[in-house]
Amino acid sequence: MQVVSSSDGPQQRIDDLLRKERQGRRTTRAVIVLVSVAILACFWVTGMFDGDRIAEGFPAIGVMFTEMIPPDFSRWEYWIGPMIDTLAMSIAGTTMAIILSIPVALLAATNTTPGPITYKIARLVLNTFRAIPELIMGIVFVAAVGFGMLPGVLALGLHSIGMVGKFFAEAIEHAHPAPVEAAQSTGATPLQVISHGVLPQVIPQFADVTMYRWEYNFRASTVMGMVGAGGIGTELIGSLRLLDYPQVAAIMIVILVAVTIVDSLSNYLRRYFQ
Amino acid sequence: MKHQIHDPFATLNGVEVVYPNGNVGLKPLDLSLADNQVTVLLGPSGAGKSTLLRVLNHLVPPTSGTVTVRGAGSLTDPNVLRDHRRQTAMVFQQHHLIGRLTALQNVLLGRLGNYPFLRTLLPMPAEERRWALECLERVGLFDRALSRCDAMSGGQQQRVGIARALAQRPRLILADEPVASLDPAASERVLGQLRTICEEDKVPVVISLHQLEYARLYADRIIGLAQGEVAFDGPPAAMTDDVLQRIYGPRKNLAVAEEPPLHSGVGGI
């Protein structure tokens, strides 16, 4: 780049800065190219470029859809009980997760944990609960305590700790240190500093995560029925086994409506806790 | 220029603070605080004002040396420290309030140390609420008691901070740059209230400040700090230009003050 200049110094500095700026843009471009290549590789490996196979699949899906129409709501009164069961399961499981998550989160947050060992253990516990899918936990608990809603609640509750505890811990770590110092300066014990300096600050985030998780658990508990953990999921898997697609469609519509209701209710509660 | 104080409220003996990163917060110093006095710690940023203030309730524990409080003992004893903290109120630069809570709830936080943990999970007793409201009344915020603190102005928030300090029924008040982020009118109100509390309640008040004018107006005693050392210790009347140079370093004269205000503003933050 040729620019007329009277003195050498400032011109030199401008050129250096522009070179640095060009380098920055080049790095950005390189990163975009690398990520794109990685994504394309994933598509190729998973068969997403196999156009023929996908094309063949569409008619099959179409056939299934036509078999689902019209949805058959004739057995609706048999779904009310299981729907309430599913709701109860999601609420009980989420509550269990919240209660157990708070102590684990306090141990898993760098600013409230007593020491590096408790921190590591708490993080390991959270990772473990997150790594085991709720369906697997459901199967284990059905084997342990038998069919019904109890194994569903236990599975949802335990699995939820993994994610809820991690998010709680992150919220605690982002709590402002100023009120904590203020509480310390009044002679509060470490537990009081947590209960009155940290927790009041993080309640909106806690409420957020809780409401999101409740909505998630409601969806997840419909699946839990498939492993014998009760609720509307049991009805769904029953109709699927009978290949009664109109009834499957009806149940899925019922679940969709219920999820929408739970979602708007949780949104309302979340605003309330701000 | 050493102050001889008979039967001091608190005594610092050879107190030194070295931070874990090697920064020296305070060079070894001996100091004693008298009853019923407003002591202002004056000095530029990084001179050790906040460190010295926090040493007085061991929010920053000294690396060596001891802080002794009359009638209690050395703060290195955890039981003495907890009692001392309960009776020492602190007012902070950034107010240190929980914005989501009401003024009343924030003031009640000052009572925490007087109750066991499980009791503090329940609502505070009625007499504590009444006391907290009296404290808010004293700083002129009774009508805002049920407002959330994040809806208040900076000056009002700082007065909630003072009410919280009062709620502790303190024997000592420490104020860490309480007016650094306030406008002049709010600053004078806050400092005036601290001075009134000192006089009416017979409580020693230690305030760290940037502003020389305020120090002159509100202090009984000024301790000037520079680079972690006491550079001046005496009544406001004894502050001379010579002393100021020792604290702040040689000042540029007016001819240089025409520089863009960027430089003059930074020091005030």
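Note that these values count all heavy atoms, side chains included, but never hydrogens, waters or copies made by symmetry. In what follows, chains carry the letters A, B, and so on, assigned in the order in which the sequence lines appear, proteins first and then strands, with residues in each chain numbered from 1. Predicted, not measured: the structure shown is a model, and the values here were computed from it.
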Distance-minimising heavy-atom pair for Ile98(B) and Pro179(A):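 Closest pair (atom of Ile98(B), atom of Pro179(A), distance): CG1-CB, 3.5 Å.
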Greater than 12 external heavy atoms within 6.0 Å of Ile117(A)'s CD1: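 Not buried by this count: 12 neighbours or fewer within 6.0 Å.
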More than 12 heavy atoms of other groups within 6.0 Å of Phe167(A) CZ: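 No, the 6.0 Å shell around CZ holds no more than 12 heavy atoms from other groups.
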Say you draw a straight line from [atom1] of [X] to [atom2] of [Y]; how long is it, rounded to the nearest 0.5 Å?
X: Leu121(B); Y: His196(A); atom1: CG; atom2: NE2; value: 6.5 Å
X: Gln184(A); Y: Leu112(B); atom1: CD; atom2: CG; value: 12.0 Å
X: Leu97(B); Y: His176(A); atom1: CG; atom2: NE2; value: 11.5 Å
X: Phe117(B); Y: Thr189(A); atom1: CZ; atom2: OG1; value: 7.0 Å
X: Leu56(B); Y: Ser185(A); atom1: CG; atom2: OG; value: 12.5 Å

Is [X] close to chain A through its backbone or its side chain, or both, or neither, when contacts mean heavy atoms under 4.5 Å?
X: Thr88(B); answer: backbone
X: Pro116(B); answer: backbone
X: Leu101(B); answer: side chain

Arg82(B) (side chain) donor-acceptor with Gly187(A) (main chain) under 3.5 angstrom: yes
Main-chain N/O of Leu59(B) paired to Glu181(A) side chain as donor or acceptor, under 3.5 Å: no
Winner by heavy-atom pair count (cut-off under 4.5 Å) against chain A, out of Arg164(B), His58(B), Gln168(B), Met90(B):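 The option with the most such pairs is Gln168(B).
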